[in-house]
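Reviewing the structure listed below.
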Amino acid sequence: MEFSRPRGTRDFLPEETSKRRWVENIIRDTFERYGYKEVQTPTFEHLELITAKSGDEIRAHLYHFKDKSNRDIALRPEFTAPVMRLYVNELQSRPKPLKLYYFGNCFRYERPQSGRFREFWQAGVELIGSGYPEAEAEVIALTVETLKKLGLQEFETHIGHIGVLRKVLKKSGVEENDQNLVLGLIDKGEIEELKNVLDELRLKEKDKQLIFNLLNLVGRNEVILKAETLLRGNIDALKELERLREVLRWLKEFGVSDYHVNFGIARGLDYYTGVVFEIYSKKLKAQKQICGGGSYSLAEVFGGEKVATCGFAFGFDRVVLALEAEGVDLGAKAKKEFLVVMTGESLLPKAIEIASMIRNRFPCHVDLMRRRLGKALAYANSIGIPFVVIVGEEELKEDKVILRDMKTGSQKEVSIKNIEKDILKVIE
RNA sequence: GCCACGGUAGUGUAGCCUGGUUAGCACAAGGGACUGUGGAUCCCUUAGCCCGAGUUCAAAUCUCGGCCGUGGCCCCA
């Protein structure tokens, strides 16, 4: 009986795993350079935690089930809610700002396609405790820096502010629940449906026009000035806009100036409250969003003290896809790897001993197939092992072995006693 | 949830339209030719029609359903 993978899951073969690990390590390293500490949360949580503030779309695509004690359980579809639960449960009294990062798999029951899987990986950070604009700016700067460190070039950063739209809607008389509905439609880009809903909510023509004008503002910093004109008279909205302007000013200090201001970014999760941003890879097709984030409000939803928070998540799989689409070499540098072979089976114990010595410095195989010398060399060649140590009767008499460079074919005798040092000398 | 295209050894494929020998080929893998030197050559071995139902004397081939894959819609990361 042969089994296949569940739909939307993947096996990662050695080559791909190694590439993914390379990307993962750079992401982790960059997060840690900014002072973030890793946390791990359970793969599954209580259903209510996930559904509390996640938005209908996420809810519709949850993997959830009842466990044997009839508890409602959901596989995590993202990390922000679990990490904030962890914060509320365990870390509220830590010094601020608290900087946490995570890397792990998430699950959503969706139709698989390019860049979309039922099990996928996210890497992200949550910055807890600073409500200042420079904190939000640093978080955005971190995403850009991480992508640059990875070698990604063809990406676009869009930054907006949910508060601006919310305040406009509020002044137009739209309640919070309806605001979420409207923001959802904006996020989806469903303009016709949006018009209908705004009509149903009996918005004035002037207010509707303002909303559509705002949504059409996409561009560089000049957009802020245009928005300012549009929002004249709405003090609350102007305050939010000023906040966005401050974040952008700080962003410049962090060396980030290549972005688009876009008020159409509404994000699908209901917990976002302020600055929001998304990053798109220009090289990816249908699923090109590789990062999303912003400032949000969740701690109080989970029974904690209200605290300023912002964060983001990379779609790890999509980042890998984008890097590959740009032809970035994902850590494919040749490793110094060894194979110890022998001229006769009786020398295997000696070969094992020598392999252990080499392993103090390098990855090393010993032939486990009882191959003859020729076959063993062919094997080394076919799997790309660059160096072979040949254990032979003749050389052993002088306590030596042969070190063969598979690329050039050159060979040198090295003494077993100093094998670690001698190998270093020969292969460099 | 919707749409399009697809599924033959580990990989890539021929055969399908027009049903009919033992499903062909290449590469890969393991062994050998070859007892101390690789990428060559030759030989051998292992291994396949996604699943189910229907039509038929006969199904890889035609029909239907399912599963899975790829891409798109939607949504997200």
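In what follows, chains carry the letters A, B, and so on, assigned in the order in which the sequence lines appear, proteins first and then strands, with residues in each chain numbered from 1.
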**Item:** Worked check of salt bridge (charged side-chain N to carboxylate O under 4.0 Å, His left out) between A:Asp405 and A:Lys412
**Value:** CA-CA 9 Å; A:Asp405 182 330; A:Lys412 269 190 186 141; over 6 Å; no
**Message:** Show, in sequence, the C-alpha distance, side-chain angles and deciding distance for A:Phe117 and A:Thr9, and conclude whether the side chain to side chain contact (heavy atoms under 4.5 Å, CB included) test is met.
**Reply:** CA-CA 6 Å; A:Phe117 309 96; A:Thr9 62; over 6 Å; no
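In this model, the phosphate group of B:G72 is approached by a side-chain N or O of A:Gln113 to a distance below 4.0 Å at OP1 or OP2. Put simply, A:Arg111 has no side-chain N or O that comes within less than 4.0 Å of OP1 or OP2 on B:G1.
When distances are taken from the side chain of A:Ala286 to each of B:U35, B:G72, B:G38, the shortest belongs to B:G72. Nearest nucleotide to the A:Arg116 side chain, out of B:A33, B:G36, B:C73: B:C73. The side chain of A:Ala378 lies closest to B:G38, out of B:G38, B:G36, B:A77. Comparing B:G72, B:U37, B:A77 by their closest approach to the side chain of A:Leu377 singles out B:U37. Checking B:G72, B:G69, B:A77 against every side-chain atom of A:Arg7, the shortest atom distance belongs to B:G69. Taking only side-chain atoms of A:Ser114, from C-beta outward, the nucleotide of B:C73, B:G71, B:G30 with the closest atom is B:G71.
Here A:Ala313 lies in heavy-atom contact (under 4.0 Å) with sugar-phosphate atoms only. Looking at heavy-atom distances under 4.0 Å, A:Met342 makes no contact with the nucleic acid at all. Residue contacts for A:Arg371: at a heavy-atom cut-off of 4.0 Å it reaches the sugar-phosphate backbone alone, with no base atom in range. Residue A:Ile290 is classed as a sugar-phosphate contact, given heavy-atom separations below 4.0 Å to backbone atoms only. Note on A:Gly8: only backbone sugar-phosphate atoms sit closer than 4.0 angstrom, heavy atoms only; bases stay farther off. Across all strands, A:Gly409 comes closer than 4.0 Å to base atoms (heavy-atom distances). Residue-level contact check: A:Arg404 touches the bases, meaning some heavy atom is under 4.0 Å from a base atom. Using a 4.0 Å heavy-atom distance criterion, A:Gly392 is classed as a base contact. Counting any heavy atom pair closer than 4.0 Å across all strands shown, A:Gly124 reaches no nucleic acid atom. Using a 4.0 Å heavy-atom cutoff across all strands shown, A:Phe117 reaches at least one base atom of the nucleic acid.
Ring geometry for A:Phe338 versus A:Phe362: interplanar angle of 30 to 60°, hence tilted.
Summarising the base pairing, B:C64 is matched to B:G52 through a Watson-Crick or G-U wobble pair whose two defining distances lie under 3.5 Å. Pair assignment for B:U37 gives none, since no Watson-Crick or G-U wobble pairing has each distance under 3.5 Å. Nucleotide B:G10 forms a pair with B:C27, judged by Watson-Crick or G-U wobble geometry with both contacts under 3.5 Å. In this structure B:C57 sits in a base pair with B:G20, meeting the Watson-Crick or G-U test at under 3.5 Å.
The neighbour count for A:Lys167 NZ, taken as heavy atoms of other residues, nucleotides or ligands under 6.0 Å away, is above 12. Within 6.0 Å of OH in A:Tyr132 there are 12 or fewer heavy atoms belonging to other residues, nucleotides or ligands.
Across A:Ala123 and A:Phe103, no two heavy atoms sit closer than the pair CB-CD1, 3.5 Å.
Toward the 5′ end of RNA chain B lies the nearest nucleotide of A:Ser382, the other residue of the pair A:Met406 and A:Ser382 mapping further downstream.
Evaluation of A:Phe120 against the base of B:A77 yields a stacking contact (centre distance < 5.5 Å, interplanar angle < 30°).
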